[in-house]
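What follows is a short report on a single structure.
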Amino acid sequence: MAKNLKRSAAFAALARALASGARGGPSVGARLAALPRMIRATARREYDGGLRLALMAAATAYIASPIDLVPEIPLAVFGLADDAVLVAWLAGSVLAETERFLEWETRRSQVIPGHVAP
């Protein structure tokens, strides 16, 4: 029983941390909501995230694919390690890129066309 309480307290703390955003930055919800806007802005060539989005899409496809370069069954832990590393990289990349995009969106909304910034 005590183990379950510790586990649920840990998950509750993690949920609060994710909801509030890291270092006062955007919350996970704001970042996830920014993904479709980031993809659209990149497709319209307004935002320069094309290569980074392509790498994230390739990593997602590799993780979701049933074909694996390092198979799990014969190699056990080593077969899972490549997936774990890729998931960690993907999570960090999504967090970093969405924060970068949200900052770009904020700067872009402050620009008045035809005016010179001081």
Side-chain angles (χ1 to χ4, degrees):
M1 180 72 172
K3 190 175 190 178
N4 287 340
L5 288 176
K6 288 180 185 178
R7 186 177 299 145
S8 63
F11 282 124
L14 177 62
R16 279 193 305 275
L18 290 175
S20 67
R23 300 177 314 239
S27 69
V28 172
R31 292 169 190 263
L32 292 177
L35 278 174
R37 294 192 316 269
M38 182 172 62
I39 293 167
R40 277 193 304 273
T42 302
R44 284 189 241 135
R45 299 182 188 267
E46 296 170 356
Y47 180 66
D48 68 343
L51 178 60
R52 290 179 296 277
L53 279 176
L55 289 172
M56 288 187 276
T60 303
Y62 179 80
I63 292 167
S65 172
I67 300 169
D68 204 354
L69 293 178
V70 183
E72 281 83 13
I73 293 174
L75 298 176
V77 174
F78 297 111
L80 293 174
D82 68 323
D83 293 335
V85 167
L86 212 51
V87 166
W89 176 85
L90 182 60
S93 294
V94 168
L95 290 175
E97 192 61 28
T98 52
E99 185 166 354
R100 183 175 177 265
F101 174 75
L102 289 169
E103 289 170 359
W104 174 81
E105 254 185 345
T106 301
R107 283 192 316 270
R108 186 172 184 230
S109 68
Q110 295 171 349
V111 173
I112 300 170
H115 288 80
V116 176

Is any NZ, NE, NH1 or NH2 atom of the basic residue among Glu46 and Arg40 found under 4.0 Å from an Asp or Glu carboxylate oxygen of the other? no

If you round to the nearest 0.5 Å, how far is OH of Tyr47 from CH2 of Trp104? 8.0 Å

Contact summary for Leu95 and Arg31, nearest pair of heavy atoms: O-NH1, 2.5 Å

Got a second to check how far Leu35's CG is from Phe101's CZ, nearest 0.5 Å? 9.0 Å

Stepwise side chain to side chain contact (heavy atoms under 4.5 Å, CB included) test for Met38 and Glu105: CA-CA 9 Å; Met38 182 172 62; Glu105 254 185 345; over 6 Å; no

Tabulate below the donor-acceptor pairs under 3.5 Å that side-chain atoms of residues 48-56 make, not counting sequence neighbours, or state none.
residue: Asp48; atom: OD1; partner: Arg52; partner atom: NH2; Å: 3.3
residue: Asp48; atom: OD1; partner: Arg100; partner atom: NH1; Å: 3.1
residue: Asp48; atom: OD1; partner: Arg100; partner atom: NH2; Å: 3.0
residue: Asp48; atom: OD2; partner: Arg100; partner atom: NH2; Å: 3.0
residue: Arg52; atom: NE; partner: Glu97; partner atom: OE1; Å: 2.7
residue: Arg52; atom: NE; partner: Glu97; partner atom: OE2; Å: 3.1
residue: Arg52; atom: NH2; partner: Asp48; partner atom: O; Å: 2.9

Of all the heavy-atom pairs spanning Ala34 and Leu102, show the shortest one and how long it is. CB-CD2, 3.7 Å

